[in-house]
Amino acid sequence: MLILGIETSCDDTGIAVVRVSGKQKPIFEILSNVVSSQIETHAPFGGVVPNLAAREHLKNIAPCLKTAINEADIAPKDIDLIAVTVGPGLIPSLLIGVNFARALAYAWEKPIIGVNHLEGHIVAALSSENSKLFPAIALVVSGGHTQLVLVKKIGDYKIIGETRDDAAGECFDKVAKLLGLGYPGGPVIATQAAKSKIKSQKLKVNLPRPMINQKNYDFSFSGLKTAVLYLLRDVGRSTSNIPALCAEVQQAIIDVLIDKTLRAAREYKAKTIILSGGVAANEELRKQFESKLQTTNYKLLKFLVPTKNLCTDNGAMIAMAGYFGAKRHPAQRDNSWKNIKANANLRL
Ligand code: KG4
Ligand code: ZN
């Protein structure tokens with residue numbers, strides 16, 4: 001079975017072709033996964049500007065489709081299902097992908113299924129279907145979301161905690177903007193933080209770990225950004241301070257994410273931890289999760305994290321989620337293109 005996955009919820013235009021084979025235990029094979037990034041468009045603003053994002057999606061989506069189909073070496077007639085992100089996300093961005101997918105489904109006479117972007121992030125960590133992984137705790141950390149999700153099985157999701165203000169990726173982005181480091185913030189802060197390990201730093205920074213001691217699974221990252229703002233006022237934005245500051249911001253975010261996720265895994269007797277979303281591309285976060293899980297208490301917990309290109313927004317994860325969605329709701333698979341609608345505030 002061939003699935004075309006279409007993703008335009010934020011600032012990446014993603015189109016992919018995924019082959020699903022095997023009946024009992026379906027295996028995913030990504031034949032193409034084309035992502036057109038809009039970093040240059042949004043960089044001057046330090047964040048995503050929704051209308052500019054929509055304009056870029058409009059420009060890029062048809063060429064992305066052509067490349068995805070060529071790279072996969074298939075013809076449109078071979079496609080069995082079109083999967084498209086219907087939410088959550090920025091409505092101007094979502095509308096471009098949704099209408100494009102509707103047009104394709106209509107013109108090519110193909111079934112179409114709407115996908116929740118967050119389910120896409122969760123299933124991106126799976127290379128096949130495996131019931132032994134559940135229950136799992138998924139930490140979805142991106143520019144728009146920070147959520148802890150109890151996954152009883154694929155399709156059965158319960159949000160047990162989420163951010164009360166900024167998402168973790170948003171915190172990286174806002175701090176980078178304060179430091180004049182550009183956009184997106186996550187990768188540049190990670191690079192600066194790595195420099196702090198090499199040099200011995202004069203500046204000793206201690207930032208808060210927001211809500212780490214609270215007995216719930218919620219997060220709050222806006223205070224961290226404010227703490228950096230005050231610190232900069234006191235110590236100045238000298239370039240020599242930047243690596244130490246970045247290392248501490250990154251570590252504060254990592255400490256809170258790992259602590260709350262492990263606590264949730266223990267309470268819900270999870271067999272697996274899934275780490276996903278754009279922030280999951282962070283090398284230190286991945287490494288520190290792995291090493292924490294090596295301790296005797298957690299050794300039995302499986303740790304799944306997608307390859308970095310599957311952490312950030314892409315069409316392959318939407319195709320995979322489309323497969324599971326169609327399996328859960330066979331009737332939906334034959335849904336008319338007319339019923340596929342964007343919903344900016346869609347919940348899991
Ligand atoms: O999942 P994603 O591509 O888009 C959303 O759904 O939001 O995530 C983008 C976010 C941005 O905030 C970006 O700064 C962050 O992921 N990010 C990272 C890294 N790469 C991307 N954060 C920390 N470290 C990284 N290496
Ligand atoms: Zn995302």
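In listed order, ligands and their atoms are each counted from 1. As the structure is a computational prediction, the values presented were derived from the model and not from experiment. All values below were derived from every heavy atom in this structure, side-chain atoms included, with hydrogens, water molecules and symmetry-related copies excluded.
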Gly169 heavy atoms within 4.0 Å reach ligand 1 at atoms 12 (O)
In ligand 1, the atoms that come under 4.0 Å of a heavy atom of His121 are 1 (O), 6 (O)
Review point. Do Gln251 and Asp255 get their side chains close enough for a donor-acceptor pair, meaning under 3.5 Å?
Key: yes
message: Regarding ligand 1, does Gly144 bring an N or O atom to under 3.5 Å of one of the ligand's N or O atoms?
response: yes
Given a cut-off of 2.8 Å, the protein N, O or S atoms lying below it from the Zn ion (ligand 2) are His117 NE2, His121 NE2, Asp313 OD1
So is Lys308 in contact with ligand 1, going by heavy-atom distances below 4.0 Å?
no
| message | Test your reading of the model: is there a side-chain donor-acceptor pair from His42 to the backbone of Val49, 3.5 Å cut-off? | response | yes
* Test item: Asp80 side-chain N/O and Ile3 main-chain N/O as donor-acceptor pair under 3.5 Å -> no
The closest protein heavy-atom partner of atom 23 (C) of ligand 1 is Gly186 CA, 3.3 Å
Nearest heavy atom to atom 24 (N) of ligand 1, choosing from Asn282, Thr191, Val141, belongs to Asn282
If we number the atoms of ligand 1 from 1 as shown, the ones under 4.0 Å from a heavy atom of Phe172 are 22 (N), 23 (C)
May I ask you to say whether Lys287 pairs ionically with Glu283, meaning some side-chain N is under 4.0 Å from a carboxylate O?
no
### Query
What is the ring orientation for Phe221 with Phe219, classed by angle as parallel under 30°, tilted 30 to 60°, or perpendicular over 60°?
parallel
#### Entry: 4.0 Å heavy-atom contact, Gln250 with ligand 1
no
Atom 14 (O) of ligand 1 sits nearest the protein heavy atom Asp173 OD1, 2.7 Å
Of all protein heavy atoms, the one nearest atom 4 (O) of ligand 1 is Asp313 OD2, 3.0 Å
Ligand 1 to Gly185, heavy atom cutoff 4.0 Å, flagged ligand atoms 14 (O)
*asked:* Could you check whether any side-chain heavy atom of Arg347 comes within less than 4.5 Å of a side-chain heavy atom of Ile159, counting everything from C-beta outward?
replied: yes
Q | Exam field: side chain Ser276 to backbone Cys311, donor-acceptor pair closer than 3.5 Å | A | no
Open item on the list: For Lys260, is there an ion pair with Glu162 - N to carboxylate O distance below 4.0 angstrom?
Closed with: no
I'd like to know if Arg263 pairs up with Asp259 as an ion pair, taking the criterion as any Lys NZ or Arg NE/NH1/NH2 lying under 4.0 Å from an Asp or Glu carboxylate oxygen.
yes
Is there a nitrogen or oxygen of Thr312 sitting under 3.5 Å from a nitrogen or oxygen of ligand 1?
no
| Judged by atom type as modelled, is there a donor-acceptor pair below 3.5 Å linking the side chain of Ser93 to the main-chain atoms of Cys10? | yes
The answer for which part of His117 has a heavy atom under 4.0 Å from ligand 1 is side chain
Electrostatic pair Glu267-Lys215, nearest N-O below 4.0 angstrom:
no
request  = Take Ser220 and Asp165 through the side chain to side chain donor-acceptor pair (under 3.5 Å) test and state the conclusion after the steps.
outcome  = CA-CA 6 Å; Ser220 163; Asp165 40 58; 2.7 Å; yes
Logged contact type for His145 with ligand 1, heavy-atom cut-off 4.0 Å, is neither
Heavy-atom proximity to atom 9 (C) of ligand 1, picking from Gly143, Ala167, Pro184, points to Gly143
re atom 21 (C) of ligand 1, the protein heavy-atom contact at minimum distance is Gly278 O, 3.4 Å
- prompt: Contact between Pro187 and ligand 1, counting heavy atoms under 4.0 Å?
  reply: yes
Nearest heavy-atom approach of Val20 to Pro26 is CG1-CB, 3.6 Å
Residues at least two apart in sequence or cross-chain that pass side-chain hydrogen bond (donor to acceptor under 3.5 Å, both in side chains) with Tyr183, listed by chain then number, are Asp11
Quiz item: For ligand 1, is there an N or O atom under 3.5 Å from any N or O atom of Cys10?
Solution: no
ask   = Would you say Leu179 and Cys246 make side-chain contact, with heavy atoms under 4.5 Å?
value = yes
